[in-house]
Amino acid sequence: MREADELINVDDPAWPLLLQELSGSDVPVEVLPGDPGAGRATLLQLQVSARSHLGGIVLNCGGLLVDDGWLRIFGSPGDARLEGPPGLAEINAMPSAFDPAWRPDAGLVIAHDVLGGVFALNGGDPGEAGRPGDPGEVVYFAPDALGWEALGAGHSAWLSWILSGGLRDFYEGLRWDGWRREVSVLNGRQGLSFFPPLWSAEARRDLSATGRRAVPMAELLGLNRDWCRQCDGADPGFLGAA
């Protein structure tokens with residue numbers, strides 16, 4: 001186990017490079033203020049260094065809001081108000097004090113979208129957890145398909161893909177006229193519940209005709225997990241402690 005100072009005080013931290021990438025992106029991204037103490041504690045628990053993009057985000061900011069909050073990439077927020085997005089430690093139910101025996105369940109949840117979609121980093125044995133992809137690969141729980149998809153990239157490549165505009169094609173067919181206005185008024189702990197649901201034939205045929213309402217993200221994730229169990233009997237596992 002490495003100490004916090006060893007993880008933080010590195011010669012080539014990722015954060016300055018990530019800031020350059022953010023400043024050169026055409027994608028709207030808000031960098032939320034972070035809590036340095038919470039960032040240190042989360043880095044220590046993860047045993048990830050500040051050389052990585054994941055470590056840089058956790059240590060230096062409260063998270064990233066992409067496309068007016070459509071995607072919430074978790075960090076270490078300094079504001080614990082209920083309307084703000086949770087931190088990486090909270091969303092992954094990390095212990096309050098360092099526990100060398102703690103590991104993410106099937107993988108580390110790194111981001112949520114307003115649809116109830118979940119981005120996660122695979123753990124050491126994805127197959128045993130019932131997930132596709134390789135260890136350390138980013139996978140996505142798709143609420144319109146009720147299953148996990150491998151994205152073929154690690155964390156830093158995934159983040160670069162987002163900042164280069166990859167979400168536009170990724171969410172093709174899942175964004176409707178006026179989506180940005182609806183999303184921008186949500187708080188960081190809310191998502192959108194659709195009726196009929198995203199995976200239904202009706203929603204696939206005409207998404208703009210669905211009813212949508214803001215709900216707590218915890219409720220939305222619970223619904224998605226329940227639908228998975230009911231539709232094909234498969235449990236997608238941990239989707240985040242929102």
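Not measured: the values here are computed from a predicted model. In this chain, residues are counted from 1 in sequence order.
- Under 4.0 Å is where a charged nitrogen must lie from a carboxylate oxygen, and between Glu219 and Arg213 at least one such pair does.
- Open room surrounds CG on Asp26; 12 or fewer heavy atoms of other groups in view lie less than 6.0 Å from it.
- Within the 4.5 Å cutoff, no side-chain heavy atoms of Val118 are placed close to those of Phe238.
- Contact of the Phe74 side chain with the Pro86 side chain is registered, since non-hydrogen atoms from C-beta on lie closer than 4.5 Å.
- Remark: Arg168 CZ is loosely packed, at most 12 non-hydrogen atoms of other residues, nucleotides or ligands lying under 6.0 Å away.
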Would you please test His112 and Phe119 for ring-ring contact (aromatic ring centres under 6.0 Å, His included) and show each step? CA-CA 6 Å; His112 283 159; Phe119 291 91; 9.4 Å; no
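- For Phe195, the CZ atom is loosely surrounded, since the number of other residues' heavy atoms within 6.0 Å does not exceed 12.
- Leu32 belongs to a hydrophobic cluster with Leu65, counting contacts under 4.5 Å between side-chain heavy atoms of Ile, Leu, Val, Met, Phe, Trp and Tyr, direct or through other members.
- Salt-bridge annotation for Asp125 and Arg131: absent, with no side-chain N of the basic residue lying under 4.0 Å from a carboxylate O of the acidic one.
- If you look at Tyr140 and Phe170, their ring centroids are closer than 6.0 Å.
- Here the side chains of Pro126 and Pro135 are in contact, with some heavy-atom distance below 4.5 Å.
- Between the side chains of Glu202 and Thr210, no donor-acceptor pair of N or O atoms lies under 3.5 Å.
- Proximity of the aromatic rings of Trp176 and Phe194 is defined here by a centroid distance below 6.0 angstrom, and this criterion is met.
- Residue Asp177 qualifies as open at atom CG: its count of foreign heavy atoms under 6.0 Å is 12 or below.
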